[in-house]
There are 2 protein chains.
Amino acid sequence: MHKESEILERYIKSKDLRHTPQREKILNIFLSTEKHLSADELHKLVKKRDSDIGYTTVYRAIKLFSKCGLLSEVDFGDGIMRFEHKYGHGHHDHLVCTKCGKFIEVIKPRIEKLQESLAKEHGFKPTRHKLQIFGTCRRCSMKK
Amino acid sequence: MHKESEILERYIKSKDLRHTPQREKILNIFLSTEKHLSADELHKLVKKRDSDIGYTTVYRAIKLFSKCGLLSEVDFGDGIMRFEHKYGHGHHDHLVCTKCGKFIEVIKPRIEKLQESLAKEHGFKPTRHKLQIFGTCRRCSMKK
DNA sequence: TATCTATTGAAAATGATTTTCAATATTACC
DNA sequence: GGTAATATTGAAAATCATTTTCAATAGATA
């Protein structure tokens, strides 16, 4: 059993929730996909393997995974909630290609430091931040 | 006539649109409010002065102002589109207080530069970016 | 003033997400 | 293993911000 399943099981036990085959399948498919999926996209993938799982269940599983720290939501401002793996992934920023939709996760410690000091200069106690750089990726720039 | 009205009028003429009293009123109220309003909040303010203006008209005016560069949309990730004055306001980032909702517009040239180089390191041609730092503002920190 | 067509506002539609609810499944306990 | 308590499921309905529709109205141009 992978670490993520353990985390989910531990959370389920601690909150008097229940283990279900649906949650297990949804988690496995989420973990095996290295993309920013939307709930709808995940539901489609899930249905390929088990057509009896409804999208409500997928939505609810997403919320659950988010609560136990396996998933985090990403908002690129197009009105669709996407999500990414959280366990084992530290904080990072995003470079998002507006042509093909691909993205890169990046981290620049100097930017992080400057953000900290920027907040402090204004009396803010920062808790989290979101940095997204939109543009054209190398491949899309070449295609013209 | 203030500069913003001129800009709107010029845009309206150039696109064969029409000047209407509704647009004029909505623009004036938008300009006189130094807050991040949502469409619904703006509509409420507008209705105080003219109860005959529907929210559809307010929504459409927002899109129009956005197109002529008077307004830009701000998305703090709560599912509600808010907007701010754009004319005369350069690019800036946001410090957002998660307790009281207040925000500060900030700019740190060194962060901007580092973002540029971060993008280039990864072959990205950046077009725009969004940086939001969430936290607690000075006043809310004091309140405990 | 006449005509063309952009604009308006109410209501309906949209689309992502959430809630409801009756049926079912899981867990703890006997 | 059986049973009771209750969490979960899935379909359908509800939500909520936003957008579209459409018939009536009102700017702009000639």
Side-chain angles (χ1 to χ4, degrees), chain A residues 5 8-27 29-30 36-68 71-83 101, chain B residues 5 8-27 29-30 36-68 71-83 101:
Chain A
S5 294
L8 178 59
E9 291 307 313
R10 206 174 301 146
Y11 184 84
I12 282 176
K13 289 247 166 69
S14 76
K15 298 280 180 186
D16 271 319
L17 305 178
R18 298 192 181 160
H19 172 93
T20 68
Q22 287 92 333
R23 286 173 175 168
E24 194 181 312
K25 283 178 192 163
I26 296 167
L27 178 61
I29 292 172
F30 166 61
H36 281 164
L37 292 173
S38 65
D40 191 58
E41 287 164 343
L42 179 56
H43 177 230
K44 285 202 175 77
L45 288 178
V46 168
K47 275 190 65 164
K48 273 189 198 163
R49 290 216 219 156
D50 186 337
S51 61
D52 289 340
I53 298 181
Y55 71 80
T56 313
T57 302
V58 173
Y59 266 101
R60 284 188 280 225
I62 289 167
K63 295 295 172 196
L64 179 65
F65 301 162
S66 176
K67 277 187 197 147
C68 57
L71 173 155
S72 62
E73 302 184 357
V74 186
D75 177 10
F76 290 143
D78 62 353
I80 296 170
M81 187 246 287
R82 294 162 204 288
F83 35 86
Chain B
S5 293
L8 178 60
E9 290 308 312
R10 207 174 300 146
Y11 185 84
I12 282 175
K13 289 250 167 68
S14 75
K15 299 280 180 185
D16 271 318
L17 305 179
R18 299 196 179 154
H19 172 92
T20 69
Q22 286 93 333
R23 287 173 174 168
E24 194 179 312
K25 284 179 191 162
I26 297 167
L27 178 62
I29 293 173
F30 166 63
H36 280 163
L37 292 173
S38 64
D40 190 58
E41 288 164 342
L42 179 57
H43 176 230
K44 284 201 176 79
L45 289 178
V46 167
K47 274 188 68 164
K48 273 190 198 162
R49 290 215 221 157
D50 186 337
S51 61
D52 289 340
I53 297 182
Y55 69 79
T56 312
T57 302
V58 173
Y59 266 102
R60 284 188 280 227
I62 290 167
K63 295 296 171 194
L64 178 65
F65 300 164
S66 176
K67 276 187 198 147
C68 57
L71 173 156
S72 63
E73 301 186 357
V74 186
D75 176 10
F76 291 142
D78 63 352
I80 296 170
M81 187 247 287
R82 293 163 204 288
F83 35 85

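Below, chain A is the first sequence line, B the second, and so on; all start at residue 1.
- Here the closest non-hydrogen pair linking Gly77(B) and Asp75(A) is CA-OD2, 3.5 Å.
- dT18(D) atom P lies 11 Å from atom OH of Tyr55(B), rounded to whole Å.
- Taking His36(A) as the reference, Glu84(A) meet the side-chain hydrogen bond (donor to acceptor under 3.5 Å, both in side chains) condition, with sequence neighbours excluded.
- In terms of the salt bridge (Lys or Arg N to Asp or Glu O under 4.0 Å) criterion, Asp16(A) has no residue partners (sequence neighbours excluded).
- For Lys15(A), there are no side-chain hydrogen bond (donor to acceptor under 3.5 Å, both in side chains) partners, not counting sequence neighbours.
- For residues 45-57 of chain A, the side-chain hydrogen bond (donor to acceptor under 3.5 Å, both in side chains) pairs, not counting sequence neighbours, are Lys25(A)-Asp50(A).
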With the criterion being N/O to N/O and under 3.5 Å, what pairs connect the protein with nucleotides 15-17 of chain D, and how long is each?
none

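- If you check every strand for non-hydrogen atoms under 4.0 Å, Asp40(B) touches nothing.
- In this structure, Arg60(A) has no salt bridge (Lys or Arg N to Asp or Glu O under 4.0 Å) partners at least two apart in sequence or on a different chain.
- Listed by chain and number, the residues in a salt bridge (Lys or Arg N to Asp or Glu O under 4.0 Å) with Glu73(B) are Lys63(B) (sequence neighbours excluded).
- Considering only residues two or more places apart in sequence or on other chains, Lys44(B) meets the salt bridge (Lys or Arg N to Asp or Glu O under 4.0 Å) condition with Asp40(B).
- Contacts between residues 12-26 of chain B and DNA chain C, defined by a heavy-atom separation under 4.0 Å, are made by Asp16(B), Leu17(B), Arg18(B), Thr20(B), Gln22(B), Arg23(B).
- Taking atom NE2 of His43(B) as the reference point, atom P of dT19(D) lies 15 Å away to the nearest angstrom.
- Counting 5' to 3', DNA chain C first comes under 4.0 angstrom of a heavy atom of chain A and last does so at the ends given by dA16(C) to dT27(C).
- Judged as a side chain to side chain contact (heavy atoms under 4.5 Å, CB included), and not counting sequence neighbours, the contacts of Asp78(A) are Ile80(A), Arg82(A).
- Note on the helix from dT1(C)-dA30(D) to dC30(C)-dG1(D): angle between the axes of the first and last five pairs equals 30°, rounded to 10 degrees.
- The distance between atom CG of Leu37(B) and atom P of dT18(D), rounded to the nearest whole Å, is 13 Å.
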